[in-house]
Amino acid sequence: MSNDRPRLRRLLLGLAALAPVTTAAFLVLSTSRRSPADPREVEPLLASKRFDEATAKVEERLRSNPDDPGAHLLMAQIALARDDQRPELALEHLARIRTGSRSFLAIVRLNEGKAFSAMGRYDRAEDAWIEALRLDPHVPEAGWALLGLYYIQGRREEAHRLGLRLHAEEPDPRDRVQLLVELLRQDAQTPVHETLIPTLAPIVRDHPEDLHTAIALGLAMVRSSRANEGIAILRDAIRRNPENPDAWDSLLLGLDEATRLDELAEATAKLPPSIAGLPRFDRYRGSIAQDRREWNEAAEAFRRARRSDPSDFSSFYRLIRILRLAGRGAEAEALDPIFRAATSARQRALSLYHEVNAIKDLGTAPHPELYRRIADLREQMGRPDEALAWHRLILRERPDDPISRAAVERIAANLQSEGNRG
């Protein structure tokens, strides 16, 4: 399920294929007698893209049973599977479904999300996919659709948390591994900012209330040498969401990356009291102190930032640099080998992802040495919880593996200590 960026982009745009669970859901909720919309007849038509014929069969079924939930679901999925997608029609059919089954309703929400995504309503798509997972944590594709959306919108921490949660709940061994592989890919293969702008700009123009798409567009513009436009979008996001920490974080990040440090200091001073103390803002206080040559204050701010997000390479690098400027060379030297290992791991991440993604039996056959390499790399990249998950996969196959058992005990203890300290 982790076939790289094209697959996730198709999910984001609502072009995912028909979920295989549809047949089962249709058979459960339809009458047992053979009907003109029997899925065994409809599915071959869909597979060969004979959508008009498939539609005719399901419409015949609806004429005899207008409230058949399985038929309405098929109609919605046909509308979404077509080359000329019809998301509005899909939503009309989905709105007519009445069911007491949580698992079936989760499939309805999944397809609502696909329809909204095809319409460029990423905010409503996200809500629908989250609701699908709430109803049924194992609903096909909803988690992957969210991971794809978070990837495009640059929401790396939300993708990280979601991926680990889905991994812990996933019963299929192949998909359980693929979720961890996807988290590796998202850190190793970031989107090209210039390519995001043509996709996101029309959505933000038509739906400026979609906070996270506006943030993604604003930051993509800042990173594409269009800082004035990007920062204007980020300021508008705060105007619409004055207490939202994501909105403020994005503006401060844009100002920091654009080295507009006077504006950064001014904006940081205006943080609402309800969110001003969040650790995510420490890195900006470090930048402000660095600009003012307040080396010790900057060092402590970057240290706090790294503690709250060990995967933040920028804060880690700046911490070491500021420690040297502050005359605290011994502290810098102690951190330097850790930083160099993290940098090396980041440089190797993409090639390791390609190596892993090429293995056909991943998750269905043991690969303990490969999993250990990934675990070591993810720990060096500041993702100890992912490293822990990889070591636990090894222990599923080799319960007495001494290296992974020791690593699990060590990492789990460190994570607990960090949690208590936080």
Side-chain angles (χ1 to χ4, degrees), residues 156-157 160 184 187-188 190 249 252-253 255-262 264-265 268-269 271 276-352 372-388 390-391 402-422:
R156 56 195 290 272
E157 289 308 310
H160 173 71
L184 168 63
D187 271 355
T190 55
D249 196 1
L252 299 185
L253 180 59
L255 293 170
D256 195 15
E257 292 190 0
T259 61
R260 293 163 70 154
L261 298 177
D262 289 342
L264 175 63
T268 302
L271 280 168
L278 293 177
R280 61 165 65 186
F281 300 121
D282 283 327
R283 62 178 295 180
Y284 309 118
R285 295 188 173 95
S287 294
I288 295 165
Q290 179 182 357
D291 184 54
R292 294 170 177 170
R293 306 177 70 84
E294 297 169 349
W295 308 129
N296 287 321
E297 290 82 352
E300 294 314 308
F302 285 128
R303 193 188 300 279
R304 292 193 304 271
R306 177 174 177 260
R307 188 181 302 125
S308 66
D309 181 6
S311 68
D312 181 355
F313 287 92
S314 175
S315 291
F316 195 5
Y317 169 77
R318 292 161 87 176
L319 170 61
I320 294 173
R321 183 167 178 268
I322 294 301
L323 285 171
R324 290 196 172 101
L325 290 171
R328 296 158 65 178
E331 294 176 66
E333 292 303 316
L335 293 174
D336 193 58
I338 303 172
F339 178 76
R340 283 189 279 108
T343 302
S344 174
R346 185 168 57 172
Q347 292 168 345
R348 291 181 281 115
L350 185 57
S351 62
L352 183 55
R372 199 168 352 258
R373 286 170 54 204
I374 302 172
D376 291 344
L377 179 132
R378 295 309 273 156
E379 188 172 6
Q380 290 170 341
M381 291 181 70
R383 299 294 192 190
D385 43 5
E386 288 183 39
L388 182 64
W390 283 106
H391 282 297
I403 299 175
S404 285
R405 183 158 296 282
V408 164
E409 293 175 359
R410 173 181 55 79
I411 297 172
N414 288 343
L415 289 172
Q416 183 177 8
S417 174
E418 289 294 330
N420 292 339
R421 186 158 52 240

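Values in this document were obtained by computation on a predicted structure and should not be read as measured data.
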(request) Tell me, please, which residues at least two apart from Ala334 pass side chain to side chain contact (heavy atoms under 4.5 Å, CB included). (result) none

(message) For the residue pair Ser287 / Arg318, report whether a side-chain donor-acceptor contact shorter than 3.5 Å exists.
(response) yes

(request) To the nearest 0.5 Å, tell me how far Leu335 CG sits from Arg324 CZ. (result) 9.0 Å

(request) If a pair satisfies salt bridge (charged side-chain N to carboxylate O under 4.0 Å, His left out) and one of its residues is in residues 337-350, list it, with sequence neighbours excluded. (result) Asp336-Arg340

(request) Would you kindly say whether Ser314 and Asp312 are connected by a side-chain donor-acceptor distance under 3.5 Å? (result) no

(request) Kindly indicate, with the supporting measurements, whether the criterion side-chain contact (heavy atoms from CB on, under 4.5 Å) is fulfilled by Leu252 and Asp256. (result) CA-CA 6 Å; Leu252 299 185; Asp256 195 15; over 6 Å; no

(request) Describe, in one word, how the ring planes of Phe339 and Tyr317 are oriented to each other, choosing from parallel (under 30°), tilted (30 to 60°) and perpendicular (over 60°). (result) tilted

(request) Measure from the side-chain N and O atoms of Thr268 to the backbone N and O of Leu264, and report whether any donor-acceptor pair falls under 3.5 Å. (result) yes

(message) Quick check for you: to the nearest 0.5 Å, what is the distance between Thr343 atom OG1 and Phe316 atom CZ?
(response) 8.0 Å

(request) Might you point out which heavy atoms bring Ala298 and Ile322 nearest each other, and give the distance in Å? (result) CB-CG2, 3.9 Å

(request) Answer yes or no: is there a side-chain heavy-atom contact under 4.5 Å between Glu157 and Ser311? (result) yes

(request) For the pair Arg303 and Leu323, evaluate side-chain contact (heavy atoms from CB on, under 4.5 Å) and give the outcome as yes or no after the intermediate values. (result) CA-CA 10 Å; Arg303 193 188 300 279; Leu323 285 171; 3.8 Å; yes

(request) Test Asp187 against Arg378 for side-chain contact (heavy atoms from CB on, under 4.5 Å), laying out the working first. (result) CA-CA 10 Å; Asp187 271 355; Arg378 295 309 273 156; 2.9 Å; yes

(request) To the nearest 0.5 angstrom, please state how far the CZ atom of Arg372 sits from the CG atom of Leu377. (result) 14.5 Å

(message) Using the side chain to side chain donor-acceptor pair (under 3.5 Å) criterion, which residues pair with Asp291? Sequence neighbours excluded.
(response) none

(message) Walk me through whether Ser344 and Gln380 qualify under side-chain contact (heavy atoms from CB on, under 4.5 Å).
(response) CA-CA 9 Å; Ser344 174; Gln380 290 170 341; over 6 Å; no

(request) Check the surroundings of atom CZ in Arg321: do more than 12 heavy atoms from other residues, nucleotides or ligands lie under 6.0 Å from it? (result) no

(request) Rounded to the nearest 0.5 Å, what's the gap from CZ on Arg283 to CG on Asp309? Could you check? (result) 8.5 Å

(message) To the closest 0.5 Å, what do you measure between CZ (Arg293) and CG (Leu325)?
(response) 8.0 Å

(message) In the structure I gave you, are the side-chain heavy atoms of Asp376 and His391 within less than 4.5 Å of one another anywhere?
(response) yes

(request) Kindly compute the distance separating CZ (Phe302) from CZ (Arg285), expressed to the nearest 0.5 Å. (result) 12.5 Å

(message) Quiz question: by atom type and distance under 3.5 Å, do the side chains of Ser308 and Arg280 form a donor-acceptor pair?
(response) no

(message) Looking only at side-chain N and O atoms, does His160 offer a donor or acceptor that is under 3.5 Å from a partner on Asp385?
(response) yes

(request) Identify the heavy atoms of Phe281 and Ala276 that sit nearest to each other, and give their distance. (result) CD1-O, 4.0 Å

(request) Heavy atoms only: give me the nearest Leu415-Pro384 pair and the separation to one decimal. (result) CD2-CG, 3.8 Å

